[in-house]
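First the structure, in the form of C-alpha cells, and then the observations on it.
In what follows, every chain begins at residue 1, and chains take the letters A, B, ... in the order their sequences are listed.
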Amino acid sequence: MLDQHYDPHAAEARIYPLWETAGCFKPSMDTSAEAYSIVIPPPNVTGVLHMGHALNNTLQDVLARYHRMRGKNVLWQPGADHAGIATQMVVERQLAESGANEDRRSLGREAFVERVWDWKAESGGKITEQLKRLGASCDWSREKFTMGEREDPDNQMVRAVRKVFVDLYNKGLIYRDKRLVNWDPHFQTAISDLEVEQREVDGHFWHLRYPLADGVTYEHPVFDEDGEPAGTETRDYLVVATTRPETMLGDTGVAVHPDDERYKDLVGKFVDLPIVNRRIPIVADEHADPEKGSGAVKITPAHDFNDFQVGERCDLPKLNILTDTASIVGGQDERGAPIADGAAEAAQIPQELRGLDRYEARDKIVAKFEALGLLQEIESKKIEQPFGDRSGVVIEPYLTDQWYVDAESMAKPAMAAVREGKTRFVPETWEKTYFNWMDNIQPWCVSRQLWWGHRIPVWYGPEVRQRDDGAVDILDPRGKIFVGENFDVVARLAQEYYGAPAVQVGTAFEQETLLFSDENDASKAPDWAKGADMRPKKYPLIQDPDVLDTWFSSALWPFSTQGWPENTEALQTFYPTATLVTAFDIIFFWVARMMMMGIEFMDGEVPFKDVYIHALVLDEKGQKMSKSKGNAMDPLELVDEYGADALRFTMAAMAAQGRNIRLSKQRVEGYRNFGTKLWNAARFCQMNECVSPAEDVDPAALNETVNKWILGELAKTAAEVARGIEDYRFNEAAGAAYRFIWNVFCDWYLELIKPLLNGEDEAAKAETRAVAAWTLDQTLKLLHPFMPFLTEELWEKLAEFGPERPGFLMLQAWPDFGPEWTDAAASAEIDWVIRLITEVRGVRGDLNVPPGAKPVLTLANASDEAQGRARRHDGVLTRLARLDRIEIANVAPDGTVNAVLDEATLCLDIAGLIDLDAERARLDKEIGKLEGDIAGIDKKLSNEKFVARAPAEVVQEQHTRKADAEAVVEKLKASRQRLLELG
RNA sequence: GGGCGGUUAGCUCAGCGGUAGAGCACUACGUUGACAUCGUAGGGGUCACUGGUUCGAUCCCAGUACCGCCCACCA
C-alpha cells in the first residue's frame, strides 16, 4: 500500500540511477524512427545550477521525454563550456586566496593551465550532478566539453575548433587587423562588443583650453546672462570638453565641423598641446558637432572609437598612451613591446606621469591644467561608461592587433535561413531581435589575451626575402603568418616558405620555437622531415600566444558534439538538431553564431529547425542572474524542500510568462500539493483494488456512463498536452494535465465512482476498477514529461498487485486516442449530473444550509431524459449533493427553494432551515443578473447592423442565450412568488 | 539616439474579435473511510488612458502616460 505522502527524495535518489544504468537516456538508434535531437546550452564549467538553468533544462527535458515516448530516436546532448574568462577568473581568485603567494604570472602559462584543468577535474562536474537532480534525461555517456579532454590535447573538440579557424582563414573570413578593441585592463585582454555593458555613472566633463599655436587668435561669439548674443571676444585658445582628461596625452588633433563659422579660419592652424608641448593640427571633420560643447573636439585616435575614424579620415597619427593595465606608458608597453607608433611623442610625456594609473594620471593632468590657467570648467553630469561584464572595470578603447571574424559576410546566409523559414524562432517576435542585430553586425574580435582556452592555430615567423645572390634578408622578424590545424601542417607550410624542414622544440605552452636547422635533434623531426636536407639557418616560429573567445567554440556546439570534423553516424543522425531551447540574452552571443558556423561548415544546413526562446529568470531584485556574478538563487534548495517534480512543474507552468520570471515559493508549494493530490488519488485506487488490466480498456465494451465519460475527458486531455508541448506552449500542456487530474479525475470521477466501487453490482465494479486504474496509468504517461519521478514511482508501485509492467514509464508509448474514445451522450449525461450537484451545492452554500441537513430534492417539470438521468445517478446525486432522496413532480412543490437546471426546476425542501429574506435576496440577485444579461442581448439584437452583418451562428447564439435566460428568470420569479406566499 | 516589450482580481501572471481566467492570498462552512500538502461555497476586475477600424474591441490600428529591456563611438 502507498504511504500517505510521496517522498520525493527517496524516489528521486532511487529512480534516476535506475534510468541511467538501464540506458534509458541513450538514443534508440532505431533507424526507422525519426531522429529528435537537442543540444544543451552548455553551462559554464564554473557554473552552479540557477533558476535559469532549471527553467531551461526542464523545458528541454519535457521535450526530450515527450518525443522519446513518441517513439523518436531522441538524443539530448549534454556538455559544458570551458568559459575562458570566467574560469580563469575563478582559478586566479583561488590562487590569490590560497595565501601561497602565487599568481598566474609567477606560475607560468603551462603550470597555470594545468591548475585550471585540476580545478575542472575537482569542481567542474558540479552542475552535471545538479542537472541529474532535476531529472535531466541527457545521454551522459556522450557528454562533451568545449575544450575536449585534458589527456588528449589533439582531441576531436580541439581539432574542430582548429579546422574552423583554419578554413575560415583560408576563405578570408578570418583576418588579423590592427584596430581599436574594447580592452579590459583588469584581465588585460580584448573583449567583444557584446561583453561590454554600458552603465550610467556620475562623471564629469572637464572643459580644457588648448592654446593656439603661432600666436593665432580668432573672434568667438559671447552671450549675455539672458543667453542673448553679445558680440564677440578675441580668443587665443580653443575649448574642448572631455570625460577622460588623461587622454589628452594622446591627442593628435582637434576637430571642428567644416561648416562651423566660428572656427572656419582655424582649420589648418595648430594648437600647442599643453603638458607635452606638441603641435597638433586643427582639422575639419563632420564628427564635430557644433551643438555640443564648444563645437571643438579633441581627437585621440588611439583611445576613442570616434576619434579613430576621424584620425583615419584626417590622416592623424594614432598615438597610444596606455599600457595593458591602463597606466600611462613609459618607453614601452606592458608586454615589453616598444611603443609602435609615435615613440618620440611618447617620450614627451613627463616623467612624473609615466606608469601612473589612468585615474591618478587624470587627477594630475587636471591639476596641471588648473595650474596653467587652462581649466575652464568642471561640469558634473551622468555619463554612460563601458564596463567589462566580467571584470566590472571601465573598458579602454585600445589599439592592438587582434583576430577578427568577418561576421558581416557570414551573417548573410544566417539571416536568409531564418527568412526562408529553415530556422524558426518561437515566439516569432524574436526574429526581429535577431535580424536587427545581424543587420548591424560588426567584425567579431575572437582573440583573447588569456591562457585558458583554445590556442589560436597561428604561428609567426620571420618574413624573409632572398636576394639575387642567394643571401636572405629578414624584413620583419614576425611578419610571416602560418595558419594550420596542427604543427605538422604549419611545419610543412614553413618548409615551403623557407625551403627547409622543421623540427619542433619546446612545449606547447612556452612560446615554442620551430627551428629550421641542422643544429637540432633530427630524431624529433616529423616523419616527412627525416633525412631531409638540413641547412644551417634558424627561423624561429612563435605560436600566437592568444586564445579564442569562448563563444568561438560554443558556436560549433551542434556539430562539434557529434564528432565533426569526422563524418560520424551521430553527426548524420542528429544534425541538424530539432530544437534549441534558450533564453533571449544569448541570441547574439550564441544562437546567431551557431547559425553562422553551422551553415558555413555543414554544407548550408542550419543547426536547428526551431529556436524556442523562453523567459529570463531574474533574482528578487529584478537583476539578471549571471553565471559568474554570484547572485543566482539555488533551485536545489527548492528541490530539497519540495522535490524536483514540483520545481519542474512550476517551471513548465510559468513558461508562458513574459520576459521575466520571478519565482514564488508558494507556487512551487502549490505544485508540490498537486503531486500529493495525484499520489492520493492513486492511493485511493489502490485501496479500492483498482488494478491495471493486462490490456488496454476497450471503450466500446463499457457499460457505465461515468467510465465512458472519463475516457473522453482523458482523450481530450492527452491531445491538449501533446499539442501544448509540440507548440512549445508548455504552460498550456501543464495546465491541461493539472486540470484533468485535479478538477476532473479527482474532483469528479473518483467521487462519482465511489457508489459503484462500494455497490453490489460486481460487473460494474469490475469495469470501474479497470477503467480507473487504466485511466490513472494513462494520466501518469501524460504527466511524465513534467513530473518524471513521481509518475515513475507510481507506475512501479501501482503494478504491485497487477500484471507486470512492460518496463519503465519513461519508455512507454505516448497515448493517442481517436474519436472512438469520446462518447457524446455520456459526456452530456455526466455534465448534467455535475451541473445538478453544483447547483444544489450553490444554493446550500448561499443559504448556509448546514452540511448535515439532507433535504429532499424534487425535480419539477423535468424531461424524460432528465428523469432517467436522475434515476440512473440517484446514488451519486444524493451523496454529492447531500440529499435525502430525489423525487419527481410535475409542478414545483410549495415551500421549496428553487434553482433551475435546463428545463427542470430543482426544488429543495429547506424552507424551514433558512432565512427567507436571504433566499429572496439570493433570487433577486440572480434575477437581476439575468435581466441585465437579457437587456444586453436585446440591445444587440435590436441593432440592425448586428443582425445583418454578424455571422448567423453568432446571432442565433444570442437568441438562444436570451431564451435560456428568460426561461430561467421565469422559473426563478415563480419561485420567488411562492416564497412570498409562504410569508 | 535607434529598437523591442509590458500595463488584466490584493499579489504573480495566463488569455483573447462575440458570456473576463488560473495559482496564491481573502471570507464562510467542513475531522463525509484517497488527500487538511484537503473538501464545499463565496467575495473581488469600467482588462492603463484617448481616439480609430468593426455589427461588436480587453483583444486589431494609431496616439498618450507610466514601467522595463536590448542595441548605439565614453566630447
Side-chain angles (χ1 to χ4, degrees), chain A residues 2 4-6 180 193-194 198 201 203 205-207 240-244 247 255 287-289 292-300 303-309 383-386 394-397 429-430 432-433 436-437 440 584-585 587-588 616 622 624 642 653-654 656-664 666-667 669-688 731-732 735 738-739 746-747 750-751 754 758 838 841-846 848-852 879-880 882 933 936-937 940 943-951 954-955 957-958 961 965:
Chain A
L2 293 171
Q4 195 154 342
H5 293 288
Y6 165 62
L180 279 189
D193 299 344
L194 288 174
Q198 300 290 334
V201 296
F205 273 147
W206 283 272
H207 296 257
V240 296
T242 179
T243 58
R244 298 183 300 158
T247 61
H287 166 63
D289 182 347
K292 278 190 187 167
S294 67
V297 55
K298 62 192 273 310
I299 302 298
T300 321
H303 294 287
D304 183 286
F305 288 96
N306 279 319
D307 294 2
F308 182 86
Q309 293 180 357
I383 56 172
E384 289 276 315
Q385 267 192 310
V394 175
I395 293 304
E396 288 292 334
T429 179
W430 290 108
K432 288 182 207 154
T433 304
N436 190 33
W437 188 66
N440 299 299
F584 66 84
D585 60 330
I587 290 177
F588 307 145
L616 212 57
K624 184 172 153 182
Y642 301 108
M654 297 198 314
Q657 294 186 318
R659 296 183 155 209
N660 304 336
I661 287 180
R662 250 170 282 174
L663 187 65
S664 104
Q666 285 176 325
R667 191 114 187 214
E669 190 180 329
Y671 292 125
R672 185 272 317 265
N673 296 354
F674 169 62
T676 307
K677 186 77 181 173
L678 175 63
W679 182 265
N680 278 291
R683 189 157 165 266
F684 171 83
C685 289
Q686 204 181 46
M687 291 168 75
N688 284 280
N731 61 316
E732 290 185 14
Y738 182 95
R739 284 189 301 274
C746 291
D747 286 352
L750 293 185
E751 294 303 326
K754 279 176 182 174
N758 297 326
T838 305
R841 282 174 173 172
V843 172
R844 297 181 64 125
D846 283 346
N848 283 318
V849 175
R879 177 193 167 93
L880 297 180
R882 308 186 64 76
D933 288 352
I937 296 169
K940 266 192 178 175
N943 181 344
E944 287 171 24
K945 286 180 178 172
F946 171 71
V947 178
R949 298 193 199 179
V954 170
V955 177
E957 192 191 323
Q958 299 299 319
R961 276 184 56 207

Rounded to whole Å, how long is the line connecting atom [atom1] of [X] with atom [atom2] of [N]?
X: A:H287; N: B:G1; atom1: NE2; atom2: C1'; value: 15 Å
X: A:R683; N: B:C35; atom1: CZ; atom2: P; value: 5 Å
X: A:D304; N: B:A72; atom1: CG; atom2: C1'; value: 14 Å
X: A:N440; N: B:C70; atom1: CG; atom2: P; value: 17 Å
X: A:E669; N: B:C11; atom1: CD; atom2: C1'; value: 15 Å
X: A:K940; N: B:G17; atom1: NZ; atom2: C1'; value: 10 Å
X: A:D193; N: B:C71; atom1: CG; atom2: P; value: 10 Å

Is it the case that the side chain of [X] and the backbone of [Y] share a donor-acceptor pair, with hydrogens and angles ignored and the cut-off at 3.5 Å?
X: A:Q686; Y: A:L2; result: yes
X: A:R844; Y: A:R882; result: yes
X: A:N758; Y: A:K754; result: yes

Counting heavy atoms from C-beta on, name the nucleotide in [options] closest to the side chain of [X].
X: A:F584; options: B:C69, B:G18, B:C74; answer: B:C69
X: A:D747; options: B:G39, B:C74, B:C55; answer: B:G39
X: A:K677; options: B:A14, B:U37, B:A34; answer: B:A34
X: A:K432; options: B:A72, B:G18, B:C4; answer: B:C4
X: A:F946; options: B:C74, B:A34, B:C55; answer: B:C55
X: A:V954; options: B:C74, B:G18, B:A14; answer: B:G18
X: A:T429; options: B:C35, B:G5, B:G33; answer: B:G5
X: A:A950; options: B:C74, B:C38, B:C55; answer: B:C55
X: A:N848; options: B:C55, B:A28, B:G39; answer: B:A28
X: A:Q666; options: B:U37, B:A25, B:C55; answer: B:A25

Determine the contact category for [X]: base if any of its heavy atoms lies under 4.0 Å from a base atom, sugar-phosphate if only primed atoms, P, OP1 or OP2 are that close, otherwise nothing.
X: A:R879; value: nothing
X: A:H207; value: nothing
X: A:D846; value: sugar-phosphate
X: A:S294; value: nothing
X: A:R841; value: sugar-phosphate
X: A:I395; value: base
X: A:V240; value: nothing
X: A:A241; value: sugar-phosphate

Which word best sums up how the rings of A:Y6 and A:W679 line up, parallel for under 30°, tilted for 30 to 60°, or perpendicular for over 60°?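 Tilted.
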If the cut-off is 4.0 Å, is [X] near the phosphate of [N], judged by side-chain N/O to OP1 or OP2?
X: A:N680; N: B:C38; value: no
X: A:R667; N: B:G23; value: no
X: A:K754; N: B:U32; value: no

Structure string for RNA chain B in dot-bracket form, Watson-Crick and G-U at under 3.5 Å, | interchain: (((((((..((((....[..)))).(((((.......))))).....(((((..]....))))))))))))....
I'd like the [atom1] distance from [M] over to [N], given in whole Å.
N: B:C11; M: B:U50; atom1: C1'; value: 29 Å
N: B:G17; M: B:U31; atom1: C1'; value: 50 Å
N: B:U32; M: B:C26; atom1: P; value: 23 Å
N: B:A57; M: B:G44; atom1: P; value: 25 Å
N: B:G6; M: B:G18; atom1: C1'; value: 26 Å
N: B:A22; M: B:C60; atom1: P; value: 22 Å
N: B:A14; M: B:A20; atom1: C1'; value: 12 Å
N: B:G10; M: B:G52; atom1: C1'; value: 34 Å

Side chain A:R672 and base B:U37 donor-acceptor under 3.5 Å: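 Side chain to base: pair found, below 3.5 Å.
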Could a donor-acceptor pair under 3.5 angstrom be found where the side chain of A:E732 meets the base of B:A22?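 Side chain to base: no pair present.
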Are A:Y738 and A:Y671 an aromatic pair by the rule of ring centers under 6.0 Å?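 For A:Y738 and A:Y671, the ring centres are under 6.0 Å apart.
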For A:N943, what residues pass the side chain to side chain contact (heavy atoms under 4.5 Å, CB included) criterion, not counting sequence neighbours?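 A:N943 satisfies side chain to side chain contact (heavy atoms under 4.5 Å, CB included) with A:K945, A:F946 only.
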Among all residues two or more places apart in sequence or in another chain, which pass the salt bridge (Lys or Arg N to Asp or Glu O under 4.0 Å) test with A:E396?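 A:E396 satisfies salt bridge (Lys or Arg N to Asp or Glu O under 4.0 Å) with A:R244, A:R358 only.
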Which comes earlier along RNA chain B counting from the 5' end, the contact point of A:E396 or that of A:N688, where each point is its nearest nucleotide?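 That would be A:N688.
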